[in-house]
*Asks:* 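Pasting a structure below so you can have a look.
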Protein chains: 2
Amino acid sequence: MPERKSKSARVTLVDVARKSGFSPSTVSIVLSEAPLSRYVAAQTKERIRKTAQLLGYRPDIFARSLRSRHSHTVGVLVFDISDPYCVLILQGIEKTLLPTPYLPILMDAHHDQKQFEGYLDLLMERRVEGLIVVANWLFDEGGLLVGLKEKKMPIVVVGRDVTEKQIGSVTVDNEAGGYEAMKHLYELGHRKIAVIRGPAKLNDSQLRWNGMQRFAAEQGLQLDPRRVRQLSDALDPVTGFEGGVQLTEELIRSRLKFTALVAFDDLTALGAVRGLARSGRTAPQDCSIIGFDDVPLAALTTPGLTTIRQPMDEMGSLATQRVLDVLQEVGEGREVTPDLQLLPPSLVLRDSTSRVG
Amino acid sequence: MPERKSKSARVTLVDVARKSGFSPSTVSIVLSEAPLSRYVAAQTKERIRKTAQLLGYRPDIFARSLRSRHSHTVGVLVFDISDPYCVLILQGIEKTLLPTPYLPILMDAHHDQKQFEGYLDLLMERRVEGLIVVANWLFDEGGLLVGLKEKKMPIVVVGRDVTEKQIGSVTVDNEAGGYEAMKHLYELGHRKIAVIRGPAKLNDSQLRWNGMQRFAAEQGLQLDPRRVRQLSDALDPVTGFEGGVQLTEELIRSRLKFTALVAFDDLTALGAVRGLARSGRTAPQDCSIIGFDDVPLAALTTPGLTTIRQPMDEMGSLATQRVLDVLQEVGEGREVTPDLQLLPPSLVLRDSTSRVG
DNA sequence: TTGTATGCGTTATCAC
DNA sequence: GTGATAACGCATACAA
């Protein structure tokens, strides 16, 4: 005796075929809207759809994937989901994927290269058809490169420029952001401006610094190197906060006057606010502070943080679109053009900066 | 001619069988560590594993799922991933799932009941074997109930008590939290204490309030109703912040003195800090403020927010464990015992509260 | 335009 | 202890 057929109310294509009086293939063609369905009589389609609905037919996704070799999923690999920077990007990704038949499979690497590779592997095993990597913070993308070379899979990295490794990337224009930050403080009358740069390993940091220097050069503004500090190459983004606190305290102790401070990112900026407070100072009265990113919490602190905004949702959206473009042309074997999409930052005015007193 | 066999370097079970000289069944039994593999000779196992490794065999997850009826996934439905409250819970879930063969499929409903239902549907279609719902904020769990009744699937809700609907739940002990918050302020010498309660629809809010009243009653402390406000039933958690700002300003305008304030949650508390600042007041000098949750950003503001901590990672972990327990006993048809797991909150001391001046 | 037959890669059920 | 064989549910080449 074969296994009981009615083990559960599971409705299959064959059931729909029987009930509707058509063959399984016709039913399949109609219900999966295959190209051939163009030649199926409208009436037939109608009848098939009706009975499918009636029986409550749900295609078995595993059978379908097994046969068609499509998983209809894209992997999303993020380096630390607890970094508020990521979340908006994720929302951009999700929003863009929602109207498509693709499902995001989200994995969080927790800053761990090993886990990153493990999840990458897992995603491959799950046969994701595309990959979006949200590369906040430090990250050796060697492993990724291998993945790209081995598989012909559309891959886009958001948050870091890895075009040199022939991987499509979406980032904010960090140089322009640095420029804008410095410009804003300058226009408020600040001339003695301290800078807390990001970790040396982080290319973003260099680019933002370049932008600041460019502005300074244009205006003949001197950026005293003694007012410039740099975060250590630690792995945890929360160290941005701790680093901000410490370096700000150092700056204060150095007795070198500064009326404003450009922080590497928002967390560092919040650290700077704290550092100031430790010496009884407040922003912006005693020192203006500007951040970078515009993470959600920048609006929730007091004072609200003036910052250079990355259009994070848009970045997520764009990266996703890039992957989808390749996927939807069913261009098996095509690659994402490995170029850099550079999005403009924007100044978000809140209360942590003010005209020099 | 059948389709080309060597379309790609895809290695199947049959390949391993041929190469190793055993039958596909034996290979399957060994590689999937089925119960029967206990009876397979150690040598055989060894040889099979070797050749599998050698050929770089990866089991096809879709074929496997099709045949075995196991997806090895659990759905995680969260109501708003941008709510920092969620993220720690998610990490708890992920951490607990990591060493198991189960993969979380995360979906974000964006506060939208319709999307919630859509994703629920999608998860069912993907044949998740269990479901964890992270129910931050308002949410009519009617739809969920249906899902539970229809399918025999382990479901746990974290963040809200829905045991009345026979659904397993994990929450913090809100009543105890409210008690602790009030106790802390009282012990610092505060007697004129304002309260911003949560939305009326939110049961958490009532429980916390009960706790505060219990403490007050025990100490013979009067909680003047004129110092008690309530957030509106808006849908967006960010309104907690806006609400905190506005209600605090209202309290100040009422000219009724208060030296401390219990906020419904951390975001509300940050709103209160802002509201205070709008009138030139600061915490804790002019008014102590205590929050609830201990979201990550509570540590990053200045002053750091004193708050009642929910053990969010643990809550996620526990909920996951609950689902896994059912799953791993392969107890098809068993249900999660629909009881409530109540976790103790804890006081986190930072700088937003101080002894009454 | 629709039906028939076959196979996707795996696991389960039996024999041996 | 191991192997042959039959599904799992669907999609496609080809025949009609």
Side-chain angles (χ1 to χ4, degrees), chain A residues 1-18 20-48 52 55-72 125-127 330, chain B residues 1-18 20-48 52 55-72 125-127 330:
Chain A
M1 181 172 89
E3 294 179 4
R4 289 184 305 155
K5 201 60 193 271
S6 60
K7 64 178 297 185
S8 168
R10 174 117 210 99
V11 181
T12 78
L13 229 166
V14 180
D15 297 325
V16 178
R18 262 203 294 270
S20 68
F22 293 94
S23 79
S25 39
T26 309
V27 174
S28 169
I29 287 166
V30 169
L31 292 181
S32 62
E33 306 190 53
L36 278 177
S37 70
R38 285 176 45 82
Y39 305 120
V40 176
Q43 272 215 347
T44 308
K45 287 190 197 171
E46 195 57 27
R47 283 241 306 277
I48 290 178
L55 297 181
Y57 167 72
R58 315 289 313 257
D60 183 310
I61 215 151
F62 297 113
R64 177 176 280 186
S65 291
L66 174 59
R67 180 63 228 228
S68 69
R69 317 260 68 186
H70 281 324
S71 68
H72 284 295
E125 193 163 71
R126 294 262 163 184
R127 283 243 173 64
V330 205
Chain B
M1 178 173 90
E3 296 178 4
R4 289 184 304 155
K5 200 62 190 274
S6 62
K7 64 179 297 183
S8 169
R10 176 118 207 96
V11 181
T12 79
L13 215 146
V14 180
D15 297 325
V16 178
R18 262 204 294 271
S20 68
F22 292 94
S23 77
S25 352
T26 309
V27 174
S28 169
I29 287 167
V30 170
L31 292 182
S32 61
E33 306 190 55
L36 279 178
S37 70
R38 283 175 47 81
Y39 305 121
V40 176
Q43 273 215 348
T44 308
K45 286 189 198 170
E46 196 57 27
R47 283 242 306 275
I48 289 178
L55 297 182
Y57 166 72
R58 316 290 312 257
D60 183 312
I61 213 151
F62 296 112
R64 175 177 282 185
S65 291
L66 172 59
R67 181 63 231 223
S68 70
R69 318 258 69 189
H70 280 324
S71 68
H72 284 295
E125 193 163 69
R126 295 263 164 183
R127 282 242 173 66
V330 206

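Computation of the quantities below employed the complete heavy-atom set of this structure, encompassing side-chain atoms and omitting hydrogens, waters and symmetry-equivalent molecules. Residue numbers begin at 1 in each chain, while the letters A, B, ... track the order of the sequences.
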*Asks:* Could you tell me the separation between the CD atom of A/Glu33 and the C1' atom of D/dC10, rounded to a whole number of Å?
*Replies:*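 Nearest whole value for this atom pair: 16 Å.
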*Asks:* Using atom CD1 of B/Ile29 as one end and atom C1' of C/dA15 as the other, report the distance to the nearest whole Å.
*Replies:*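 After rounding, the gap between these two atoms is 13 Å.
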*Asks:* Test of understanding: with salt bridge (Lys or Arg N to Asp or Glu O under 4.0 Å), list the residues that count as partners of A/Arg126, not counting sequence neighbours.
*Replies:*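 Result, salt bridge (Lys or Arg N to Asp or Glu O under 4.0 Å) vs A/Arg126: none returned.
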*Asks:* Taking atom CZ of A/Arg67 and atom CG of B/Leu66, what is their separation to the nearest 0.5 Å?
*Replies:*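 Separation between the atoms: 12.5 Å.
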*Asks:* In whole angstrom, what separates B/Arg47's CZ from D/dT2's P?
*Replies:*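 Between P of D/dT2 and CZ of B/Arg47: 10 Å.
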*Asks:* Roughly how far apart are A/Arg69 CZ and B/Phe62 CZ, rounded to 0.5 Å?
*Replies:*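 So the CZ of A/Arg69 and the CZ of B/Phe62 are separated by 8.5 Å.
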*Asks:* Show me, pair by pair, the donor-acceptor contacts under 3.5 angstrom made by side chains of residues 22-35 of chain A, not counting sequence neighbours?
*Replies:*
residue, atom, partner, partner atom, Å
A/Ser23, OG, A/Ser25, N, 3.4
A/Ser23, OG, A/Ser25, OG, 2.9
A/Ser23, OG, A/Thr26, N, 3.3
A/Ser23, OG, A/Thr26, OG1, 3.1
A/Ser32, OG, A/Ser28, O, 2.7

*Asks:* When the distance from CZ of A/Arg38 to C1' of C/dT2 is rounded to whole Å, what number comes out?
*Replies:*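 So the CZ-C1' distance, A/Arg38 to C/dT2, works out to 17 Å.
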*Asks:* For the atom pair CZ (A/Arg58) and CG (A/Leu13), what is the distance rounded to the nearest 0.5 Å?
*Replies:*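 The CZ atom of A/Arg58 sits 14.0 Å away from the CG atom of A/Leu13.
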*Asks:* Quick check: on DNA chain D, is the nucleotide nearest B/Leu66 upstream (toward 5') of the one nearest A/Leu36, or the reverse? Name the residue that is more 5'.
*Replies:*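 The residue whose closest nucleotide sits nearer the 5' end is B/Leu66.
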*Asks:* Please report the distance, rounded to the nearest Å, between CD1 in B/Ile48 and C1' in D/dG1.
*Replies:*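 These atoms are roughly 11 Å apart.
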*Asks:* Among D/dT2, D/dA11, D/dC10, which nucleotide sits nearest the side chain of A/Ser28?
*Replies:*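 The nucleotide sitting nearest to the side chain is D/dA11.
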*Asks:* Need one value for B/Phe62: base, sugar-phosphate or nothing, where a base atom within 4.0 Å counts as base even if backbone is also close, heavy atoms only.
*Replies:*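 Nothing: the residue B/Phe62, judged by heavy atoms under 4.0 Å, touches no strand.
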*Asks:* Categorize A/Ser65 for me: base, sugar-phosphate, or nothing, with a 4.0 angstrom heavy-atom threshold over every strand shown.
*Replies:*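 Nothing: the residue A/Ser65, judged by heavy atoms under 4.0 Å, touches no strand.
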*Asks:* Closer than 3.5 angstrom, by distance alone: can the side chain of A/Ser71 be matched with the main-chain N or O of A/Arg127 as a donor-acceptor pair?
*Replies:*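 Indeed, once roles are kept as given, a pair shorter than 3.5 Å links the two residues.
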*Asks:* Among D/dG1, D/dG9, C/dG9, find the nucleotide with the atom closest to the side chain of B/Arg69.
*Replies:*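 Closest nucleotide to the B/Arg69 side chain: D/dG9.
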*Asks:* In whole Å, what is the span from the NZ atom of B/Lys45 to the C1' atom of D/dT2?
*Replies:*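 That distance rounds to 14 Å.
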*Asks:* Without decimals, in angstroms, what is the distance between B/Arg64 CZ and D/dG9 P?
*Replies:*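 The answer, rounded to whole Å, is 18 Å.
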*Asks:* Between D/dA11, C/dG3, D/dT2, which nucleotide gets closest to the side-chain atoms of A/Leu13?
*Replies:*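 Nucleotide nearest to A/Leu13's side chain: D/dA11.
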*Asks:* Show the distances under 3.5 angstrom between N or O atoms of the protein and N or O atoms of nucleotides 4-6 of chain C.
*Replies:*
residue, atom, partner, partner atom, Å
C/dT4, O4, A/Ser25, OG, 3.0

*Asks:* Return the value, rounded to whole Å, for the distance between atom CG of A/Asp60 and atom C1' of C/dC8.
*Replies:*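 Atom CG in A/Asp60 sits about 13 Å away from atom C1' in C/dC8.
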